[in-house]
Structures are given as C-alpha cells and as structure tokens.
**Q** 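Dumping the structure here so I can ask a few things about it.
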Amino acid sequence: MSVDGSNCKKKVKKRGIVSVNLSSTRYDVVKRVAEALNYSTTVENNDSFIIWSDCMITAERCAELKPYQRINHFPGMGEIARKDCLARNLQKMQKCYSDDYDFFPKTWNLPADYTVLMNYYHDLKKKEKKKKKYSALIPLL
C-alpha cells in the first residue's frame, strides 16, 4: 500500500502481436520460424512490423516503410553481399584510403583479372628464385 492507502502496481505495458509479411518469400522455414516465435504471419498486410523478402528492395520501397517496420534487405546490399562486388568495392576504397583498407588479402575477379593474377604469380616466382639464389650464398655458421 502507498502513503495514500491505494494499491500501487507497476503498469505492465501490453505488447501486441508481431506481424510478419511473408508475401515476398518462397521459403517455408521463414514461416515456420515466425510461427514458432508466435508471430502473426500475413501475406497482404503492408502494416506488418516485419517484412521478409527473398530479393532486393528498391529505395522507394524503403522510403515507404513506417518508423516501426523492419525489412531484411536494404537497397544496394548486393554490392557487399556478393563476393565479387565486395572485392571490387574494397579495392576501390583501398585505392582512395590505402592506410585504412589494408585488412583484406589480394583479390582477383576472374576471368576479368586473369592477366593481372598471372603477372602477380610470375612476379612472386621471380622473387622466390632471387631469394633462393641469395640464400645459397650466405655461409652457414
């Protein structure tokens, strides 16, 4: 009891049921997971809290989202989700900011970079031969 004699209970915020729009997915596992989490699954509802899609989302679609809505893709994510595009973008950034982008290995996008790769390979072979040649000249103590 409180000082004024009334019962004070904490207000419990009621949570609504989370709805998931599955109109753009063909994978049954997404539906099963949503149901296991007791989410309401919909196919036509544009007011759903979660929107699940198997393909890319346009910038216009993202702009239409309400502040509470979440989506599993974003525009341009293919540029970092695909290995070839990620490598190309990292190499562009490395040219501009070489000190900050030195954390990934040398990468080639084949077949476009085949000649560059072969030149790199041949340069390595030449360096190895020089190294072996000079190491043979160093006397062992």
**Q** Quick one: pull up OG1 in Thr107 and CG in Leu117 and give me the separation to the nearest 0.5 Å.
**A** 11.0 Å
**Q** Calculate, to the nearest 0.5 Å, the distance between atoms SG and NE2 belonging to Cys55 and His73 respectively.
**A** 7.0 Å
**Q** Which residues pass the salt bridge (Lys or Arg N to Asp or Glu O under 4.0 Å) test with Asp113, not counting sequence neighbours?
**A** none
**Q** Run the side-chain contact (heavy atoms from CB on, under 4.5 Å) test against Ser24 and tell me which residues pass, sequence neighbours left out.
**A** Ser53
**Q** Tell me whether Gln69 contacts the main-chain N or O of Ile51 through its side chain, where contact means a donor paired with an acceptor under 3.5 Å.
**A** no
**Q** Indicate the atoms forming the closest heavy-atom contact of Ser23 with Val43, along with that distance.
**A** CB-O, 2.8 Å
**Q** Could I get the full list of side-chain contact (heavy atoms from CB on, under 4.5 Å) partners for Met56, not counting sequence neighbours?
**A** none
**Q** Could you work out the complete set of other residues in the hydrophobic cluster of Val29, with links drawn between I, L, V, M, F, W and Y side chains under 4.5 Å apart?
**A** Val18, Val20, Leu22, Tyr27, Val30, Val33, Leu37, Tyr39, Phe49, Ile50, Trp52, Tyr68
**Q** Using modelled atom types only, decide if a donor and an acceptor are shared between the side chain of Asp54 and the backbone of Arg26 within a distance under 3.5 Å.
**A** yes
**Q** Tabulate below the donor-acceptor pairs under 3.5 Å that side-chain atoms of residues 75-82 make, not counting sequence neighbours, or state none.
**A**
| unit_1 | atom_1 | unit_2 | atom_2 | d |
| --- | --- | --- | --- | --- |
| Glu79 | OE1 | Arg88 | NH2 | 2.8 |
| Glu79 | OE1 | Asn89 | ND2 | 3.0 |
| Arg82 | NE | Asp84 | OD1 | 3.2 |
| Arg82 | NH2 | Asp84 | OD1 | 3.3 |
| Arg82 | NH2 | Asp84 | OD2 | 2.7 |

**Q** Restricting to side-chain contact (heavy atoms from CB on, under 4.5 Å), what partner residues turn up for Tyr101, sequence neighbours left out?
**A** Leu90, Met93, Gln94, Tyr97, Phe103, Phe104
**Q** Do Phe74 and Ile57 sit in one hydrophobic cluster, given that two such residues count as connected whenever their side-chain heavy atoms are within less than 4.5 Å of each other, even indirectly?
**A** no
**Q** Residues in side-chain hydrogen bond (donor to acceptor under 3.5 Å, both in side chains) with Arg61, at least two apart?
**A** none
**Q** Could you list the residues that satisfy salt bridge (Lys or Arg N to Asp or Glu O under 4.0 Å) with Asp28, not counting sequence neighbours?
**A** Arg32
**Q** Can you list every pair that meets salt bridge (charged side-chain N to carboxylate O under 4.0 Å, His left out) and has a residue in residues 89-111, with sequence neighbours left out?
**A** none
**Q** Quick one: do Thr42 and Asn21 satisfy side chain to side chain donor-acceptor pair (under 3.5 Å)? Show the steps, please.
**A** CA-CA 5 Å; Thr42 62; Asn21 183 334; 4.8 Å; no
**Q** Who pairs with Arg70 by salt bridge (Lys or Arg N to Asp or Glu O under 4.0 Å), at least two apart in sequence or on another chain?
**A** none
**Q** Can you sort out the partners of Glu35 under side-chain hydrogen bond (donor to acceptor under 3.5 Å, both in side chains), two or more places apart, ordered by chain and number?
**A** none
**Q** The criterion is salt bridge (Lys or Arg N to Asp or Glu O under 4.0 Å); which residues satisfy it with Lys66, sequence neighbours excluded?
**A** Asp47
